[in-house]
Chemist: 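Before anything else, here's the structure in question.
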Amino acid sequence: ALLLLATLSDHHGGGADTKALDDEVGHLVGRYGRFWRKDAVADPTALRQEAVELLRSMGLVAVDSAGIVRPKPAAA
């Protein structure tokens, strides 16, 4: 989740839609997937959803009604 947050903050400060987040998760899985749970790597969409929900519950991102995820100032 924190790797996705760093990517979101660095490259999508204005927000990212589901497609952009899925692309970023794909890059992260390619780079770090060998260190992660096999079920997480097997389903990148579920991994994205889990990461975004965790970040939202921690108050680090906001998700609007269109599904756009934006980092909050606390994430900077």
Side-chain angles (χ1 to χ4, degrees):
L2 294 178
L3 290 170
L4 184 59
L5 178 62
T7 299
L8 186 63
S9 296
D10 291 347
H11 302 287
H12 304 279
D17 63 9
T18 301
K19 169 138 179 33
L21 290 175
D22 283 344
D23 289 346
E24 296 294 355
V25 168
H27 293 298
L28 293 171
V29 166
R31 184 164 185 188
Y32 301 105
R34 67 184 181 275
F35 303 111
W36 297 345
R37 298 183 334 247
K38 291 183 195 283
D39 65 317
V41 174
D43 189 353
T45 300
L47 178 60
R48 181 218 356 116
Q49 292 169 335
E50 182 180 335
V52 168
E53 180 53 32
L54 177 63
L55 295 170
R56 189 202 58 73
S57 71
M58 294 172 64
L60 296 173
V61 299
V63 182
D64 69 18
S65 60
I68 303 298
V69 180
R70 290 181 176 80
K72 289 188 171 182

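Values below: all heavy atoms of this structure, side chains included; hydrogens, waters and symmetry mates excluded.
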Chemist: Atom CG in Leu4, atom CG in Leu47: separation rounded to 0.5 Å?
Modeler: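 So the gap between those two atoms works out to 8.0 Å.
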Chemist: Please tell me whether Met58 and Val61 are part of a single hydrophobic cluster in this structure, the criterion being side-chain heavy atoms less than 4.5 Å apart.
Modeler: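 In one cluster: yes.
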Chemist: Tell me the closest heavy-atom pair linking Gly13 and Pro71, and the distance in Å.
Modeler: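 For Gly13 versus Pro71, the nearest heavy atoms are O-CD, 3.7 Å.
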Chemist: Just distance, no hydrogens or angles: give the donor-acceptor pairs under 3.5 Å from side chains in residues 23-33, sequence neighbours left out.
Modeler:
from, atom 1, to, atom 2, distance (Å)
Asp23, OD1, Lys19, NZ, 3.4
Asp23, OD2, Lys19, NZ, 3.0
Glu24, OE2, His12, NE2, 2.9

Chemist: Could you pull out the closest heavy-atom pair between Lys72 and Gly59, with the gap in Å?
Modeler: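 Heavy-atom minimum between the residues: CD-O, 3.2 Å.
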Chemist: Under 4.5 Å between side-chain heavy atoms, counting indirect links through other Ile/Leu/Val/Met/Phe/Trp/Tyr residues: same cluster for Leu3 and Val52 or not?
Modeler: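 Result: yes, single cluster for both.
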Chemist: Mind checking what makes salt bridge (charged side-chain N to carboxylate O under 4.0 Å, His left out) contact with Asp10, not counting sequence neighbours?
Modeler: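 Result, salt bridge (charged side-chain N to carboxylate O under 4.0 Å, His left out) vs Asp10: none returned.
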Chemist: Measure the OG1-CG distance between Thr7 and Leu21 for me, rounded to the nearest 0.5 Å.
Modeler: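 Result: 9.5 Å between the selected atoms.
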Chemist: If you take all heavy atoms of Ala16 and Leu8, which pair is closest and at what distance?
Modeler: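 That closest heavy-atom pairing would be CB-CD1, 3.7 Å.
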Chemist: Look only at the side chain of Arg70 and the backbone of Gly14, and say whether a donor-acceptor pair between them is shorter than 3.5 Å.
Modeler: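 Judged by distance alone, yes, a pair lies under 3.5 Å.
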Chemist: What are the two closest heavy atoms between Ser57 and Leu54, and how far apart are they?
Modeler: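 That closest heavy-atom pairing would be OG-O, 2.8 Å.
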